[in-house]
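Any value given below was found using the heavy atoms of this structure, including those in side chains, with hydrogens, waters and symmetry copies removed. Labels below follow one simple rule: chain letters A, B, ... track the order of the sequence lines, proteins then strands, and each chain is numbered from 1.
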Protein chains: 2
Amino acid sequence: MTAVKESSTNHLNKLDAITACPVSFTLTKIGGRWKPIIIFNLMTGGKRYGELKRAIPTITEKMLIQNLKELEADNLVERIAKPVIPPHVEYKLSEAGKALSPVMKSMVDWARKYNV
Amino acid sequence: MTAVKESSTNHLNKLDAITACPVSFTLTKIGGRWKPIIIFNLMTGGKRYGELKRAIPTITEKMLIQNLKELEADNLVERIAKPVIPPHVEYKLSEAGKALSPVMKSMVDWARKYNV
DNA sequence: CAGGATCCCTAATGATACTG
DNA sequence: CAGTATCATTAGGGATCCTG
């Protein structure tokens with residue numbers, strides 16, 4: 001029972017009542033090594049699995065599919081599979097995913113001002 | 001030589017030219033389990049080491065001091081030590097740290113709309 | 001009070017090979 | 001093409017004890 005949320009970025013799911021803060025919550029969804037990059041790539045529109053893999057050459061297939069599944073479970077990404085052979089699968093941001101745009105933008109702005 | 005930046009959140013320092021994105025950069029600074037919480041706590045003003053520890057009871061001393069040092073090295077936090085006995089040390093956000101406010105706010109906004 | 005130093009564990013990531 | 005499965009690695013986090 002209980003079978004909590006079983007989402008991503010596990011260390012951030014252990015938030016207790018005291019340390020819980022909305023910022024941490026958001027970071028459970030978009031934090032980690034690959035999610036920001038994946039989301040960033042999908043901001044410009046839906047992409048196929050293979051396209052994403054080519055767009056992010058340093059990611060392994062395991063990490064890519066794993067992160068995509070977590071993003072899908074968190075309702076940030078939608079998976080559209082066309083039942084053809086060979087398979088055709090597209091990933092695109094959901095409404096909640098697109099709504100991350102201000103978050104991404106503010107991070108980009110901050111990075112441009114304060115990096116290096 | 002090169003001795004790059006040697007900052008925090010190591011996995012995110014391995015960004016190569018291709019996957020590098022400003023969002024990831026920002027997350028190297030404020031990501032992880034504790035940094036957002038620490039920054040969040042300092043947003044309302046400077047605090048002493050002991051105050052922070054009490055404000056975040058679930059953090060260990062090791063993690064607290066380690067994250068504070070990383071934040072200091074990244075110039076997000078300033079450490080002000082008064083040479084008295086017993087020691088009196090205060091941590092406060094730097095200008096760059098305060099400039100994270102829009103980032104934090106956008107994350108809070110997103111969390112309020114899309115959490116559970 | 002504000003740390004430092006060790007030892008340990010697990011989650012997160014990665015490499016490689018295989019499949020409908 | 002779009003994934004699975006298995007094994008190995010490592011970095012992040014934690015427990016505990018010690019100190020100027």
Side-chain angles (χ1 to χ4, degrees), chain A residues 4-16 19 24 27-38 46-73 77-92, chain B residues 6-16 19 24 27-38 46-73 77-92:
Chain A
V4 198
K5 310 243 329 231
E6 195 47 67
S7 160
S8 47
T9 327
N10 232 309
H11 73 272
L12 283 172
N13 281 354
K14 298 174 190 163
L15 300 175
D16 52 50
T19 54
S24 295
L27 287 176
T28 62
K29 307 296 182 180
I30 65 171
R33 176 162 188 182
W34 300 113
K35 285 184 185 173
I37 299 173
I38 294 172
K47 284 189 177 54
R48 296 182 61 175
Y49 176 86
E51 285 184 285
L52 279 172
K53 197 164 140 36
R54 279 191 300 279
I56 314 171
T58 49
I59 198 173
T60 63
E61 298 188 344
K62 174 186 170 183
M63 283 299 106
L64 179 54
I65 194 64
Q66 178 179 305
N67 280 277
L68 283 172
K69 289 206 173 302
E70 289 174 355
L71 289 169
E72 195 191 352
V77 162
E78 289 167 14
R79 191 189 106 116
I80 297 125
K82 300 180 184 175
V84 296
I85 294 183
H88 182 111
V89 179
E90 186 187 333
Y91 292 92
K92 54 174 296 208
Chain B
E6 194 47 66
S7 159
S8 48
T9 328
N10 232 309
H11 74 271
L12 283 172
N13 281 354
K14 298 173 188 163
L15 300 174
D16 52 50
T19 55
S24 294
L27 287 177
T28 61
K29 308 297 184 180
I30 66 170
R33 176 162 187 184
W34 301 113
K35 285 183 185 173
I37 299 174
I38 293 173
K47 284 190 177 53
R48 296 183 61 176
Y49 177 85
E51 285 184 286
L52 279 173
K53 199 166 141 31
R54 279 190 300 278
I56 314 171
T58 49
I59 198 174
T60 62
E61 298 188 344
K62 174 187 169 183
M63 284 300 107
L64 179 54
I65 194 64
Q66 180 179 304
N67 280 277
L68 283 172
K69 289 208 171 300
E70 289 174 357
L71 289 169
E72 194 191 351
V77 161
E78 290 167 12
R79 191 189 105 117
I80 297 125
K82 299 181 184 175
V84 295
I85 294 184
H88 182 111
V89 179
E90 187 185 332
Y91 292 92
K92 53 175 295 208

Interatomic distance, W34(A) CH2 vs dT13(C) P [rounded to whole Å]: 9 Å
Given DNA chain D, 5'-ward residue of the pair Y49(A) and K62(B), judged by closest heavy atom: Y49(A)
Sugar-phosphate only, base, or nothing, as touched by K82(B) at under 4.0 Å among non-hydrogen atoms: nothing
R48(A) backbone acceptor or donor facing E51(A) side chain under 3.5 Å: yes
Which nucleotide in dA15(C), dA2(D), dA2(C) has an atom nearest any side-chain atom of R79(A): dA2(D)
Residue mapping more 5' on DNA chain D - nearest nucleotide basis, M63(B) or P86(A): P86(A)
Spacing between E70(A) atom CD and dA11(C) atom P, to the nearest angstrom: 14 Å
Between C1' of dG20(D) and CD of E61(B), the distance in whole Å: 15 Å
N/O (side chain, R33(A)) to phosphate O (OP1/OP2, dA11(D)) under 4.0 Å: no
Contact check, side chains of E61(B) and Y49(B), non-hydrogen atoms, under 4.5 Å: yes
E72(B) side chain vs K69(B) backbone, donor-acceptor pair below 3.5 Å: no
Separation of atom CG in L68(B) from atom P in dG4(C), rounded to whole Å: 10 Å
V77(B), I30(B), N67(B) screened by side chain to side chain contact (heavy atoms under 4.5 Å, CB included) with I38(B), the one that passes: N67(B)
dA2(C) phosphate, OP1 or OP2, under 4.0 Å from R48(B) side-chain N/O: yes
Atom-pair distance (CD on E90(B); P on dG3(C)), nearest Å: 12 Å
Whole angstrom value for the distance that separates C1' of dG3(D) from CG of N67(A): 15 Å
Value in whole Å for how far the C1' atom of dA5(C) lies from CD of Q66(B): 13 Å
Among dC1(C), dA2(D), dG4(C), the nucleotide that comes nearest once only the side chain of K69(B) is considered: dG4(C)
Y91(B) side chain, from C-beta outward: closest of dG14(C), dG20(D), dG3(C): dG3(C)
Nearest-angstrom distance from the residue atom CD1 of I65(A) to P of dC18(C): 20 Å
Positive for side chain to side chain contact (heavy atoms under 4.5 Å, CB included) with W34(B), one of T58(B), L68(B), L64(B): T58(B)
